[in-house]
Structures are given as structure tokens and as C-alpha cells.
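In this text, all values refer to a predicted model and were calculated from it rather than measured experimentally.
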Amino acid sequence: MVHRRRVPSALGALLVVATACLLVWIRCSAPSAPDRLPSALVEPQARSLVLSLSGNAIMEDVRILAGDEFRGREAGGTGGNAAALWLFGAFKRRVGGVSMDHFPFLFRAVPSHDLYVDSPGDLRGSSVLGYSGFTAGGRYLLAWCGAGSLEEVEKAGSSVPAGTPWVALMRRGSLYLGEKVLYAQAAGARGVIVYNYEGGPFRGSLVWSDRIDPTAFEVGAVSITREQGAFLLGRMGMTESSPPGAAPAGTTVYMRVSASCEWRTGLNVWCKIDGDEEPGRYVIVGAHYDHLGEDPSLPDPVYNGANDNASGVAVLLALAEALAESGDGPDASVVFVAFSAEEHGLWGSRSFVAQHPEIVRNADIMINLDQVGAGDLPGGGGAGDRLYVEETASDDAQWAAKLAYGCALDLEREGLIRLGDAPTGADAESARRPGGRAGPGRVALIPCSHRTDAESFAAAGVRAVGLCATGDLSPLYHTPEDETETLDPSKLEAAARTAALVTYLVAENGRDLRVPRGPYERCDSPAPIKPWTPPAVR
């Protein structure tokens with residue numbers, strides 16, 4: 001038998017305290033272990049909610065919303081209003097209570113335009129960009145402006161002989177369309193021609209943020225295909241690598257843009273699932289349902305907008321239905337909103353914020369779903385196998401982004417969402433953006449773009465975050481080729497299950513929820529749009 005001497009009680013207590021302090025010091029000094037939110041995923045209610053969401057089932061709603069019968073879902077138009085009524089019925093059947101809000105928004109209609117070099121039709125399929133200004137019909141000298149940066153546009157303008165009316169030719173990409181046009185307008189251009197960075201036509205809007213006055217654009221702006229851009233450069237005797245300036249051969253185009261502004265009525269469709277414990281506390285989930293409408297001059301005239309944003313709205317519906325059928329209501333109330341007029345400058349989300357101050361003031365988080373279904377394309381390119389988490393400019397952007405980022409990583413580790421092994425195409429390009437970060441899975445954190453409906457809530461002080469599968473780097477963005485067949489059901493499922501887990505956690509725990517520590521590569525601050533001041537700011 002081994003005899004041990006008893007340690008005096010005071011000394012024993014001291015040793016216990018010392019040991020405890022040592023263990024705390026070791027734990028604090030060691031690298032932080034990842035927070036995988038296991039308490040949420042092992043809870044039957046959370047796991048059941050997540051597993052009830054199926055990408056293949058969500059695709060069925062995408063097919064309906066992206067169908068030709070809604071004619072591109074243009075806000076305030078026949079197709080957009082028909083889509084709003086369909087959503088109203090879908091929410092009513094699947095969830096119960098549903099509301100529809102009306103709001104006015106400024107729509108710049110474009111009844112007619114002309115653009116040609118030698119004869120009408122040689123630039124067939126050109127399209128006027130949303131909120132374009134006016135260009136009086138006539139011949140204009142072409143000036144090459146590269147990507148449309150301030151320096152390029154000023155250099156091109158300075159090369160034009162004094163008193164000669166001119167229009168700017170530039171390629172799409174690098175800067176927002178409205179930014180390019182405002183630079184050209186300030187430099188004296190009478191119009192702007194933007195050609196696509198991929199084959200085929202595209203449409204877009206010059207208003208990308210609620211900071212931009214939609215009446216700021218005075219000159220006409222037209223989009224053409226990449227092939228037509230190469231044709232114009234060839235006529236000018238120039239290439240994309242040529243320095244900015246007027247064409248040495250003095251090439252001209254005939255251009256006319258006739259536009260008019262009108263006030264239209266937008267429709268937001270939303271429903272609410274009341275909380276069991278704290279009905280006055282809210283989680284908001286949103287997605288815009290409007291798209292670009294039609295262009296009768298194109299072989300395929302309907303901009304169906306399957307990824308942008310039938311995908312986000314279909315996920316929104318699926319999550320609302322799953323939560324309503326879960327059998328156990330959330331602690332906090334959850335609001336699901338389908339916004340209109342996002343493509344015209346975030347009008348729908350801004351109006352919801354203004355019309356429902358009580359909900360917004362007591363919202364713990366806003367989760368935005370925009371372009372969540374894009375997959376790789378045949379022959380390469382596309383979105384890659386990555387789910388993006390986008391910060392906003394709110395003070396608590398890091399909290400919301402970390403939470404969504406951690407939930408997506410945790411779901412991937414648990415095998416509850418499937419993402420690929422390597423980014424490709426637009427996904428790889430996004431990972432190279434300043435501030436872009438990729439985690440150990442295939443979840444990428446990207447900085448604030450100031451272009452999604454989440455930003456309207458961030459501006460009102462709500463912690464907001466966006467989920468997306470791609471953005472305007474996709475070659476199908478704002479083209480008629482954005483069809484249901486290009487979507488990946490696993491992407492829809494990943495976005496839906498991530499949004500569901502975030503919704504569950506915040507509804508149950510509130511804004512005091514501790515977000516994951518890692519592994520997490522931070523964007524230290526949301527990236528600004530650009531260090532510039534537009535000529536007209538709201």
C-alpha cells in the first residue's frame with residue numbers, strides 16, 4: 001500500500017485555483033477551435049427544417065417564375081403584375097396570411113431608338129440601357145474609351161476636335177454602367193455605346209444604388225453585342241488595346257435615343273409567420289422578383305431571369321412553406337418579402353423599409369437572396385461551385401456575414417449542402433476581387449456591392465447579409481440566355497439550407513447570438529463602390 005500525505009486544505013485550494021488558471025491560459029493561448037454551431041444542427045427542429053428543403057423541388061417554382069407567360073417580370077408592367085399575383089396566391093396557399101403593398105417608382109420608358117453605321121439594321125439588336133437619357137438624332141464621331149474609366153473618358157474627349165459632337169464607345173465590365181455614362185456625360189459626349197464582354201446582347205440599368213438620382217442621366221446609352229463592338233473598332237482602325245481617343249479614320253455613327261420618364265406602381269408581396277415567444281421581434285428574408293421584361297427586336301425577346309432572380313424568389317417561397325409546415329413556430333416572427341423594382345434602383349426594398357418602420361426597427365437580421373442558382377455552363381465558364389456571402393455597409397455587417405458564412409461552412413462539413421472542390425469562371429474571378437475571401441470549403445466572402453436589396457435595410461440600421469451564387473460576372477447576367485436550364489439545383493439547395501439555418505438561429509437566439517470564430521478569412525471592411533462623387537446624389 002502506498003501512503004500519500006494529505007495536502008493541507010488551504011494549499012489544496014490554491015492548487016485547484018492555479019490549475020484552473022493554467023487551463024484557462026492554455027485555452028486562450030491556443031488557436032481558436034472552429035465554432036461549428038453543433039447545438040443547432042443536432043436539434044431535431046433545426047435539422048428537420050434544413051433537410052426539408054430540396055433543390056429539385058425549388059426548381060419547379062423557378063420554371064414557373066421564369067416562364068414566358070410572365071414576359072420577363074418587368075416592374076409595373078403586365079408581366080411583373082402577373083408575377084406579383086401568382087406570388088400572392090402561392091404565399092396564401094402555402095403559408096397563410098399574405099399582404100401586397102403598392103408603391104410609386106420612377107420608370108424611364110424608351111419608346112424608340114436608332115443606331116447604325118452605314119445603313120439602318122447593321123447594328124440590329126441594340127438595346128437602350130435603363131434610365132438612359134436622350135440623344136438627338138444625327139451623325140456623331142466615335143471615340144474609343146476603353147473600359148470607361150474617368151481617365152480613359154477624359155483622354156478620349158480631349159482628342160475630339162473642338163465643337164465636334166461625339167459618342168463614347170466602351171466595353172462592358174470593370175465599372176458600373178451608370179458610372180461609365182456619367183463620366184462620358186461630364187466629358188461632353190452626346191451618347192454612349194457599351195458592348196458586351198461576352199457574345200450576345202445584354203440589357204442593364206444605369207441606376208445601381210439608392211444614392212443615384214435616376215434623373216441624373218442626360219445622354220442616351222445603348223448596349224450592343226461584343227461582335228458589334230469589334231465591328232465598330234475595326235471600322236475605326238483600332239483594337240481593344242488601342243489608347244483612348246477618336247478614330248483616326250473619323251468613323252461616325254448615326255444615333256438617336258428618345259426616352260420619357262413616367263411614374264409606375266410597384267407591388268411588394270409579403271407574408272409573416274408570427275413568433276411563439278417574441279412576436280414583436282423579427283427576422284426578415286427577402287428576394288426581388290422583377291426582371292428586365294422584353295425586347296421585341298431580339299430572336300428570343302423575353303428576358304426570363306431564371307437566376308436573376310426567379311432563383312431567389314423560389315428559395316424564399318420554399319423556406320416560408322417549410323417553416324410554416326414545421327409544426328413548431330419560431331420564437332421570433334419571420335417576414336418573407338418578394339420585392340419589385342429592384343432592377344430600377346432598389347425601389348421595392350426601400351419602400352418596404354419606409355412603409356413598415358415597426359418591423360424594420362425590431363429586426364434582428366435581414367437575409368437577401370439574389371441570383372442563388374447559377375451553375376457552370378456547357379463548355380466551361382459560369383459560376384463555379386461556390387456559394388457567396390456578401391457583406392453590407394451596415395455597422396454590424398461582420399456579425400451577419402460571419403453568421404451566414406459559419407452556417408454555410410458547417411452545413412458543408414455535415415454533408416447537408418454540396419459544393420464543389422474548386423472555383424472556376426466567374427467564381428474564380430470574384431475570389432480575386434479586392435477583399436474577396438474563400439474559406440476552407442467552397443464558401444466565399446465578398447465585400448459590399450451596394451447593389452442588392454439588403455443595402456436598403458443596412459441603410460436603416462438592420463444587420464443585413466446577402467447570399468448569391470454569382471453576380472454580374474456571369475456571361476448570362478442580364479441576357480435572354482438566363483434560362484432555367486442553366487441553373488444547378490444543388491446551388492438552390494445550398495442557399496435555401498443556409499438561409500434556413502441562419503433564420504432558425506436568429507429567431508431562437510436573437511441578436512446576442514455568438515457568431516462563429518472560424519476558420520474565417522475576414523474582409524476587414526466593406527469595399528466602397530469607387531472613390532468618386534456622382535454629378536447627382538440623392
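- With rounding to the nearest 0.5 Å, the separation of NZ in Lys180 from CG in Leu175 is 5.0 Å.
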Pair up each side-chain donor or acceptor in residues 357-367 with any protein partner under 3.5 Å, not counting sequence neighbours, and list the distances.
{"from": "Glu358", "atom 1": "OE1", "to": "Arg361", "atom 2": "NH2", "distance (Å)": "2.4"}
{"from": "Glu358", "atom 1": "OE2", "to": "Asn362", "atom 2": "ND2", "distance (Å)": "3.2"}
{"from": "Asn362", "atom 1": "ND2", "to": "Glu358", "atom 2": "O", "distance (Å)": "2.9"}
{"from": "Asp364", "atom 1": "OD1", "to": "Arg511", "atom 2": "NE", "distance (Å)": "3.1"}
{"from": "Asp364", "atom 1": "OD1", "to": "Arg511", "atom 2": "NH2", "distance (Å)": "3.4"}
{"from": "Asp364", "atom 1": "OD2", "to": "Arg281", "atom 2": "NH1", "distance (Å)": "2.6"}

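- Applying the side-chain contact (heavy atoms from CB on, under 4.5 Å) test between Pro480 and each of Val302, Asp295, Leu298 identifies Leu298 as the sole match.
- With contacts defined as side-chain heavy-atom distances shorter than 4.5 Å, the pair Phe70/Trp86 qualifies.
- Residues Leu177 and Gly204 approach most closely at CD1-CA, 4.1 Å, considering heavy atoms.
- Put simply, the side chain of His288 does not reach to within 4.5 Å of the side chain of Thr452, judged on heavy atoms.
- A cation-pi arrangement is absent between Arg171 and Tyr197 under the rule of less than 6.0 angstrom and at most 45 degrees off the ring axis.
- Cation-pi geometry between Arg264 and Phe105 is not satisfied (NZ or CZ under 6.0 Å from the ring centre, within 45° of the ring normal).
- The structure places CD of Glu278 at 13.5 Å from CG of Asp274, a figure rounded to the nearest 0.5 Å.
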Could you please spell out the steps behind the side-chain contact (heavy atoms from CB on, under 4.5 Å) verdict for Tyr477 and Gln371?
CA-CA 9 Å; Tyr477 176 69; Gln371 303 189 64; 3.6 Å; yes

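- The closest side-chain heavy-atom distance from Ser456 to Arg350 is below 4.5 Å.
- Under a 3.5 Å cut-off, the side chain of Ser340 and the backbone N or O of Gly266 do not form any donor-acceptor pair.
- Remark: the His102 side chain and the Asn268 side chain contain no N/O donor-acceptor pair separated by less than 3.5 Å.
- Cation-pi geometry between Arg73 and Tyr289 is not met: the NZ or CZ atom fails to fall both under 6.0 Å from the ring centre and inside 45° of the normal.
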side-chain contact (heavy atoms from CB on, under 4.5 Å) between Arg172 and Phe202, worked out
CA-CA 10 Å; Arg172 183 185 180 196; Phe202 77 96; 3.6 Å; yes

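- With rounding to the nearest 0.5 angstrom, the CG atom of Leu292 is 7.0 Å from the CG atom of Asp308.
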Pairs of donor and acceptor atoms involving the side chains of residues 87-101, under 3.5 Å and at least two apart or interchain, shall be tabulated with distances.
{"from": "Arg93", "atom 1": "NH1", "to": "Gly89", "atom 2": "O", "distance (Å)": "3.3"}
{"from": "Arg94", "atom 1": "NH1", "to": "Asp61", "atom 2": "OD2", "distance (Å)": "2.6"}
{"from": "Arg94", "atom 1": "NH2", "to": "Asp61", "atom 2": "OD1", "distance (Å)": "3.0"}
{"from": "Arg94", "atom 1": "NH2", "to": "Asp61", "atom 2": "OD2", "distance (Å)": "3.4"}
{"from": "Asp101", "atom 1": "OD1", "to": "Trp270", "atom 2": "NE1", "distance (Å)": "3.4"}
{"from": "Asp101", "atom 1": "OD2", "to": "Trp270", "atom 2": "NE1", "distance (Å)": "3.1"}
{"from": "Asp101", "atom 1": "OD2", "to": "His356", "atom 2": "NE2", "distance (Å)": "2.6"}

Atom pairs and distances, donor-acceptor, side-chain atoms in residues 325-333, under 3.5 Å, two or more places apart:
{"from": "Ser326", "atom 1": "OG", "to": "Leu323", "atom 2": "O", "distance (Å)": "2.8"}
{"from": "Ser326", "atom 1": "OG", "to": "Asp328", "atom 2": "O", "distance (Å)": "3.3"}
{"from": "Asp328", "atom 1": "OD2", "to": "Gln45", "atom 2": "NE2", "distance (Å)": "2.6"}
{"from": "Ser333", "atom 1": "OG", "to": "Gly275", "atom 2": "N", "distance (Å)": "2.9"}
{"from": "Ser333", "atom 1": "OG", "to": "Pro279", "atom 2": "O", "distance (Å)": "2.8"}

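- Closest approach of Ala318 and Ile58 over heavy atoms only: CB-CG1, 3.7 Å.
- A 4.5 Å side-chain heavy-atom check between Leu316 and Val285 finds at least one atom pair inside the cut-off.
- At a threshold of 4.5 Å between non-hydrogen side-chain atoms, the residues His291 and Glu74 do not count as touching.
- Scanning both residues, Val62 and Ala314, for their nearest heavy atoms gives CG2-CB, 3.5 Å.
- Residues Gly345 and Val207 share a closest heavy-atom pair of CA-CG1, 3.7 Å.
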Should Leu403 and Cys407 be marked as a side-chain contact (heavy atoms from CB on, under 4.5 Å) after you check the CA-CA gap, both sets of side-chain angles, and the distance that decides it?
CA-CA 6 Å; Leu403 178 58; Cys407 285; 4.1 Å; yes

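- Put simply, the residue from Tyr131, Phe103, Phe339 that forms a ring pair (Phe, Tyr, Trp, His ring centres under 6.0 Å) with His344 is Tyr131.
- In this structure, CG on Leu387 lies 13.0 Å from CZ on Arg418, to the nearest 0.5 angstrom.
- Here the straight-line distance linking atom CG of Leu267 with atom CG of Asn81 works out to 5.0 Å at 0.5 Å rounding.
- Leu206 CG to Ser132 OG: the interatomic distance, rounded to the nearest 0.5 Å, is 6.5 Å.
- Distance alone, capped at 3.5 Å, is enough to place a donor-acceptor pair between the Arg203 side chain and the Glu294 backbone.
- Ring pair Phe352/Phe457 is tilted by interplanar angle, where 30° to 60° counts as tilted.
- Considering all non-hydrogen atoms of both residues, Val465 and Thr392 come closest at N-CG2, 4.1 Å.
- Between the side chains of Arg226 and Asn196, not a single donor N or O lies within less than 3.5 Å of an accepting N or O.
- A donor-acceptor pair under 3.5 Å is absent between the side-chain atoms of Asp370 and the main chain of Leu467, judged by distance alone.
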side-chain hydrogen bond (donor to acceptor under 3.5 Å, both in side chains) between Asn56 and Ser54, intermediate numbers included:
CA-CA 5 Å; Asn56 289 326; Ser54 161; 4.9 Å; no

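- When each of Val334, Val337, Asn368 is checked for a side-chain contact (heavy atoms from CB on, under 4.5 Å) with Ile284, only Val337 meets the rule.
- Within the 4.5 Å cutoff, the side chain of Leu492 has heavy atoms near those of the Met59 side chain.
- Residues Phe336 and Leu317 have side chains not in contact (no heavy-atom distance under 4.5 Å, counting atoms from C-beta outward).
- In this structure, Leu129 and Ser223 approach most closely via the heavy-atom pair CD2-CB, 3.9 Å.
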Does the side-chain hydrogen bond (donor to acceptor under 3.5 Å, both in side chains) test come out yes or no for Asp482 and Asn304, once each step is laid out?
CA-CA 6 Å; Asp482 181 5; Asn304 297 102; over 6 Å; no

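- In this structure the side chain of Leu416 reaches within 4.5 angstrom of the side chain of Arg47, judged on heavy atoms.
- In this structure, Thr498 contributes its side chain and Ala495 its backbone to no donor-acceptor pair below 3.5 Å.
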